[in-house]
Amino acid sequence: MTITQPDLSVFETLESEVRSYCRGWPAVFDRAQGSHMYDEDGHAYLDFFAGAGSLNYGHNNAVLKRALIDYLERDGVTHGLDMSTTAKRAFLESFQNIILRPRDLPYKVMFPGPTGTNAVESALKLARKVKGREAIVSFTNAFHGMSLGSLAVTGNAFKRAGAGIPLVHGTPMPFDNYLDGKTPDFLWFERLLGDQGSGLNTPAAVIVETVQGEGGINVARVEWLRRLAELCKRRDMLLIVDDIQMGCGRTGAFFSFEEAGIVPDIVTVSKSISGYGLPMSLCLFKPELDIWEPGEHNGTFRGNNPAFVTAAAALETYWTDGAAMEKQTLSRGQQIEETLAALREEHSDEIKQYRGRGMVWGAEFRDKSKASAVAKRAFELGLLIETSGPESEVVKLLPALTITPEELDEGLRILARAVRETI
Ligand SMILES: Cc1ncc(COP(=O)(O)O)c(C=O)c1O
């Protein structure tokens with residue numbers, strides 16, 4: 001694809017230096033449909049990033065769009081205070097009937113604010129309030145958001161440095177397979193918990209991602225997750241699963257922890273819950289933890305009604321038959337895995353490892369700078385793909401769950417070409 005250099009001067013002069021994704025994708029986007037985005041000159045880009053995982057059902061999904069247009073046309077409430085609305089009621093009922101009840105999950109639902117980090121902040125706050133303790137344990141390479149509480153349980157040094165103040169009351173422990181693969185799981189954690197001289201304050205909670213998305217697509221084994229759940233129970237710590245990126249079907253089942261058969265005390269959900277890229281997040285918790293005072297965690301944008309409309313439509317369309325959705329995701333995931341396996345075999349000197357679950361995959365490059373170079377070449381060839389990992393050493397594949405096998409194949413071929421032409 002030949003791309004004419006777009007005029008980015010307005011962004012470069014008026015928008016803050018903090019802008020980031022747009023730097024890797026120098027185009028001015030105008031339209032988007034399904035798994036494609038189009039720039040203002042009409043160039044099409046196949047999207048393997050899906051709005052950072054906020055578009056599991058693709059751009060401008062026709063069913064969700066229809067529901068949203070109908071709601072707007074009849075002057076449905078659009079502001080976001082936590083009033084009782086018909087849109088919120090319909091979402092809560094769908095979520096209960098389609099997601100929670102069939103899985104025997106007893107959670108109360110809290111709307112903590114529109115973004116993922118809002119959900120994490122509320123989860124940490126609630127855990128601390130319930131247990132009357134301030135310490136939280138997180139994991140190496142975790143990412144939980146950019147506000148101060150979330151940053152305190154996030155690993156990335158660059159992002160942490162941006163806080164400008166000490167990030168306190170968070171202690172990192174080794175994530176699955178962080179050490180040598182031989183050290184018994186949770187050896188260090190158990191040791192600190194059991195030792196009065198360790199310096200670890202008894203934690204209120206442990207927060208974990210089942211697959212670390214920003215941290216480099218690090219997949220926790222189900223046995224590891226089960227042992228973590230058991231440890232939390234035994235040591236009286238709440239288990240928070242941050243399912244903001246890996247929930248809503250990304251790994252197959254609706255919640256990423258289902259495969260491990262564990263029931264976290266608190267779960268954060270965001271990104272694809274609205275299904276349409278509209279900001280929305282949830283903090284779910286066991287009913288006995290619901291000790292909030294009314295308004296103790298408040299905010300103007302706590303009930304994004306248009307997002308409730310698309311969220312309910314997404315649940316009804318894709319999750320009424322959750323087994324079919326899961327099957328499709330796992331089959332597309334297999335298509336990705338096979339390609340990455342072949343690519344790794346072809347370029348084993350360059351690609352250190354590939355890993356993933358469901359429809360989130362990563363290829364780690366030995367020369368860390370190569371991953372960004374591959375993403376850049378992929379963009380030139382018409383594919384939007386991002387990197388992750390502490391040094392951006394992993395090319396990350398996060399296509400919409402609804403991508404067709406043909407589109408997926410096309411994107412994988414572009415990726416393979418970008419790898420060949422870069423290394
Ligand atoms: C696991 C996880 N938690 C929290 C967040 C923060 O969400 P947001 O960017 O909406 O604040 C992210 C974002 O990537 C995430 O992947």
Side-chain angles (χ1 to χ4, degrees), residues 18-22 24 48-56 80 110-125 127 136 138-156 158-160 162-163 167 170 172 175-176 205-220 225 239-251 255-257 264 266-284 297 299 301-302 304 307 311 356-362 386-390 392 394 396-398:
V18 81
R19 64 194 190 280
S20 68
Y21 290 121
C22 55
F48 265 25
F49 192 50
S54 66
L55 290 161
N56 280 3
M110 171 181 180
F111 301 106
T115 68
T117 201
N118 292 140
V120 171
E121 294 289 349
S122 69
L124 300 178
K125 219 192 235 188
I136 305 280
S138 57
F139 290 97
T140 48
N141 285 311
F143 181 77
H144 297 292
M146 299 296 281
S147 51
L148 293 179
S150 304
L151 271 181
V153 288
T154 285
N156 187 292
F158 170 68
K159 301 219 158 70
R160 288 176 66 88
L167 294 169
F175 190 69
D176 191 13
V206 174
I207 184 164
V208 69
E209 300 152 272
T210 62
V211 179
Q212 296 182 322
E214 301 308 294
I217 319 299
N218 305 315
V219 183
L225 290 169
L239 176 61
I240 306 171
V241 169
D242 180 348
D243 232 8
I244 285 169
Q245 190 162 157
M246 296 304 150
C248 302
R250 176 52 61 185
T251 63
F255 293 110
S256 70
F257 55 80
I266 304 180
V267 182
T268 53
V269 180
S270 186
K271 294 215 189 251
S272 272
I273 185 65
S274 84
Y276 206 74
L278 297 173
M280 172 173 171
S281 73
L282 307 175
C283 183
L284 312 173
H297 188 86
F301 296 113
R302 288 209 299 144
N304 188 351
R357 243 184 93 193
M359 277 181 78
V360 52
W361 288 85
E386 247 292 353
T387 57
S388 85
S392 303
V394 177
K396 174 181 178 182
L397 291 80
L398 200 70

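Since the model is a prediction, treat every value here as computed from it, not as a measurement. One-based numbering, in listed order, for ligands and for the atoms of each.
- A donor-acceptor pair is defined here as one N or O able to donate and one able to accept, closer than 3.5 Å; no such pair exists between the side chain of Lys271 and the backbone of Gly116.
- Applying the 4.0 Å criterion to heavy atoms of Glu209 picks out, from ligand 1, the atoms 1 (C).
- Each of the atoms 7 (O), 8 (P), 10 (O), 11 (O) of ligand 1 lies under 4.0 Å from some heavy atom of Gly116.
- With rounding to the nearest 0.5 angstrom, the CG atom of Asn118 is 13.0 Å from the CE atom of Met280.
- Atom CD1 of Ile217 sits about 10.0 Å away from atom OG1 of Thr387, to the nearest 0.5 Å.
- Two residues are said to be in side-chain contact when any heavy atoms from C-beta on lie closer than 4.5 Å; Asn218 and Phe175 meet this criterion.
- With hydrogens and angles disregarded, no donor-acceptor distance shorter than 3.5 Å links the side chain of Glu121 to the backbone of Pro112.
- Using a 4.5 Å cut-off on side-chain heavy atoms (C-beta onward), Ile244 and Ser281 make no contact.
- For atom 4 (C) of ligand 1, the nearest non-hydrogen atom of the protein is His144 O, 3.2 Å.
- For ligand 1 and Lys271, the ligand atoms under 4.0 Å from any heavy atom of the residue are 13 (C), 14 (O), 16 (O).
- Applying the 4.0 Å criterion to heavy atoms of Gln245 picks out, from ligand 1, the atoms 14 (O), 16 (O).
- Nearest-residue assignment for atom 11 (O) of ligand 1 (options Thr117, Asp242, Thr154; heavy-atom criterion): Thr117.
- There is a protein heavy atom less than 4.0 angstrom from atom 16 (O) of ligand 1.
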